[in-house]
Amino acid sequence: MNIRVLVLAGGEGKRMGQSFAKVLTPFAGKPLIVHLLEAIKNSDIDPKPVIVLGFDRDRVRKELGEKYDYVIQEEQLGTGHAVQCAEGELRGTSDAVLVLYGDQPFLKPETIRKIAELHKEIKPVITMATVTVPDFKSWRATFYDFGRIVRNHSGEITAIVEKKDATEAELNIREVNPSYFCFDADWLWRHLPNLNQENAQGEFYLTDLVRIAVTARDTVASVAVDPKESIGINTPDHLELAEGLHKFN
């Protein structure tokens with residue numbers, strides 16, 4: 001099975017309070033996205049990942065060089081829209097598409113391989129990672145902003161609810177979505193046009209594909225990931241937490 005890796009890196013990161021792309025935020029001696037790209041390289045899944053650029057794209061491309069394929073997201077209309085922008089580059093080139101995010105620097109090559117290997121073994125329409133934390137305190141506070149994983153009584157995933165769309169009860173769920181997805185490619189391109197903007201952000205959520213799969217009774221597989229690998233950096237506070245963890249690891 002041939003798997004292509006797609007890295008979403010088009011966001012402005014307004015909450016960081018800086019004038020350049022969030023993925024270029026310095027962390028442990030290099031930009032955030034470089035940590036992820038090194039992990040992808042060491043995973044041996046895809047020798048030339050595709051990177052979705054948007055805000056500050058010229059600076060990001062100059063920093064990263066020509067070792068990657070690039071696509072442009074002219075408007076930042078959500079994660080689903082970012083993947084739609086990559087369809088022309090990716091469609092027909094692989095059996096599966098593994099979507100990762102440029103602002104998550106702790107992801108390990110072994111975990112990328114674990115997601116890919118489960119997808120190859122089970123061949124679901126979606127293989128996704130999940131993270132379970134005991135609470136949202138201390139360094140785990142960063143996960144409070146993540147979407148919540150909703151399961152039925154049989155333990156099957158039935159939905160991912162974004163924080164801004166969640167009820168009080170859903171916000172208490174401690175299994176969250178770090179947004180690592182591996183999609184069957186044919187299924188992905190067939191269902192991407194079904195995404196809509198009917199949510200609090202008015203964006204196309206990639207996570208809505210899970211709902212589409214569940215509704216169609218298609219198989220959604222999941223992999224448990226170490227919370228520390230899945231820390232996303234969206235605010236200066238998140239960055240400070242991540243720097244503290246890096247220092248003591």
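Note that the structure is a prediction, hence the values are computed from the model and not measured.
The shortest distance between side-chain heavy atoms of Val60 and Phe20 does not fall below 4.5 Å. Side-chain contact between Met16 and Asp103 is absent, with no heavy-atom pair separated by less than 4.5 Å. With a 4.5 Å cut-off on side-chain heavy atoms, Tyr70 and Ile51 count as touching. The shortest distance between side-chain heavy atoms of Lys62 and Arg59 does not fall below 4.5 Å. Inter-residue side-chain proximity for Ile149 and Ile157 is flagged as met; some heavy-atom pair is nearer than 4.5 Å. Glu89 is not listed as a side-chain neighbour of Leu6, based on a closest heavy-atom distance of 4.5 Å or more. A heavy-atom distance below 4.5 Å is found between the side chains of Lys30 and His35. The closest side-chain heavy-atom distance from Asp145 to His238 is below 4.5 Å.
A donor-acceptor distance shorter than 3.5 angstrom exists from the side chain of Thr142 to the backbone of Gly232, with no hydrogens or angles considered. In this structure a side-chain-to-backbone donor-acceptor pair under 3.5 Å is present from Ser94 to Ala96. Put simply, the side chain of Asn2 never gets that close to the backbone of Asp95: no donor and acceptor are under 3.5 Å apart. Of the possible donor and acceptor atoms, one in the side chain of Asp165 sits under 3.5 Å from a partner among the backbone N and O of Ala200. Side chain of Arg174 to backbone of Asp135: no donor-acceptor contact under 3.5 angstrom is found. Between the side chain of Arg148 and the main chain of Val161, no donor-acceptor pair closer than 3.5 Å is present. Glu229 contributes no side-chain N or O that, together with a main-chain N or O of Thr111, makes up a donor-acceptor pair within less than 3.5 Å. A side-chain donor-acceptor contact under 3.5 Å links Thr158 to the backbone of Val150. Within the 3.5 Å criterion, the main-chain N or O of Pro109 finds no donor-acceptor partner in the side chain of Asn42.
Taking OG1 of Thr207 as the reference point, atom CE of Met128 lies at 8.5 Å (rounded to 0.5 Å). Atom NZ of residue Lys41 and atom OH of residue Tyr68 lie 7.5 Å apart, to the nearest 0.5 angstrom. Taking CG from Asp226 and CD from Glu110, the interatomic distance works out to 11.5 Å, rounded to the nearest 0.5 Å. Rounded to the nearest 0.5 angstrom, Leu206 CG and Leu188 CG are separated by 7.5 Å. To the nearest 0.5 Å, atoms CD1 (Ile115) and CG (Leu100) are separated by 6.5 Å. Rounded to the nearest 0.5 angstrom, Cys182 SG and Arg4 CZ are separated by 12.5 Å.
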Inset, instruction - Dump the intermediate steps for side-chain contact (heavy atoms from CB on, under 4.5 Å) on Trp139 and Lys228, then the final yes or no. - result: CA-CA 9 Å; Trp139 61 269; Lys228 289 184 179 179; 3.4 Å; yes
Inset, instruction - Mind running side-chain contact (heavy atoms from CB on, under 4.5 Å) on Ile231 and Phe143 for me, showing each step along the way? - result: CA-CA 7 Å; Ile231 290 174; Phe143 295 113; 3.9 Å; yes
Legend entry - Audit row: Val176, Phe136, side-chain contact (heavy atoms from CB on, under 4.5 Å) steps and yes/no: CA-CA 11 Å; Val176 299; Phe136 297 108; 4.1 Å; yes
Legend entry - Derivation of the side-chain contact (heavy atoms from CB on, under 4.5 Å) call for Ile122 and Thr127: CA-CA 9 Å; Ile122 298 179; Thr127 301; 6.0 Å; no
Legend entry - Full working for salt bridge (charged side-chain N to carboxylate O under 4.0 Å, His left out) between Glu74 and Arg57: CA-CA 10 Å; Glu74 293 289 355; Arg57 62 196 186 213; 3.0 Å; yes
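Between Gly202 and Asn199, the shortest heavy-atom distance links the atoms N-OD1, 2.8 Å. Residue Glu63 comes nearest to Pro31 through the heavy atom pair OE2-CG, 3.8 Å, listed as atom of the first residue, atom of the second, then distance. Of all heavy-atom pairs between Gln76 and Gly54, the closest is NE2-CA, 3.5 Å. Heavy-atom minimum distance, Gln73 versus Gly10: OE1-CA, 4.4 Å. Among all heavy-atom pairs drawn from Tyr180 and Leu107, the shortest one is CE1-CD1, 3.5 Å. The nearest pair of heavy atoms linking Lys108 to Ala39 is C-CB, 4.3 Å.
The environment of Glu240 atom CD is sparse: at most 12 non-hydrogen atoms of other residues, nucleotides or ligands sit within 6.0 angstrom. Residue Glu66 qualifies as enclosed at atom CD: its count of foreign heavy atoms under 6.0 Å is above 12.
No continuous path of hydrophobic side-chain contacts links Ile40 to Val97 [ILVMFWY only; heavy atoms under 4.5 Å]. Follow the hydrophobic side-chain contacts under 4.5 Å out from Ile72 and you reach Leu24 in the same cluster. Both Leu192 and Val50 are members of a single hydrophobic cluster when ILVMFWY side chains are connected at heavy-atom separations under 4.5 Å. By the criterion of side-chain heavy atoms lying less than 4.5 angstrom apart, applied directly or through intervening Ile, Leu, Val, Met, Phe, Trp or Tyr residues, Leu64 is not grouped with Val52; the two fall into different hydrophobic clusters. Both Val99 and Trp189 are members of a single hydrophobic cluster when ILVMFWY side chains are connected at heavy-atom separations under 4.5 Å.
The ring of Phe27 has its center closer than 6.0 angstrom to the ring center of Phe106. His191 has its ring centre no less than 6.0 Å from the ring centre of Phe183.
The pair Glu170-Lys163 does not meet the salt-bridge criterion, since no charged nitrogen lies less than 4.0 angstrom from a carboxylate oxygen. We find that Lys123 and Asp184 are not joined by a salt bridge, their nearest charged nitrogen and carboxylate oxygen being 4.0 Å or further apart.
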Considering only distance and modelled atom types, tabulate donor-acceptor pairs under 3.5 Å from the side chains of residues 209-225, sequence neighbours left out.
residue: Thr215; atom: OG1; partner: Arg211; partner atom: O; Å: 2.8
residue: Asp218; atom: OD2; partner: Trp187; partner atom: NE1; Å: 3.0
residue: Ser222; atom: OG; partner: Arg151; partner atom: NH2; Å: 3.4

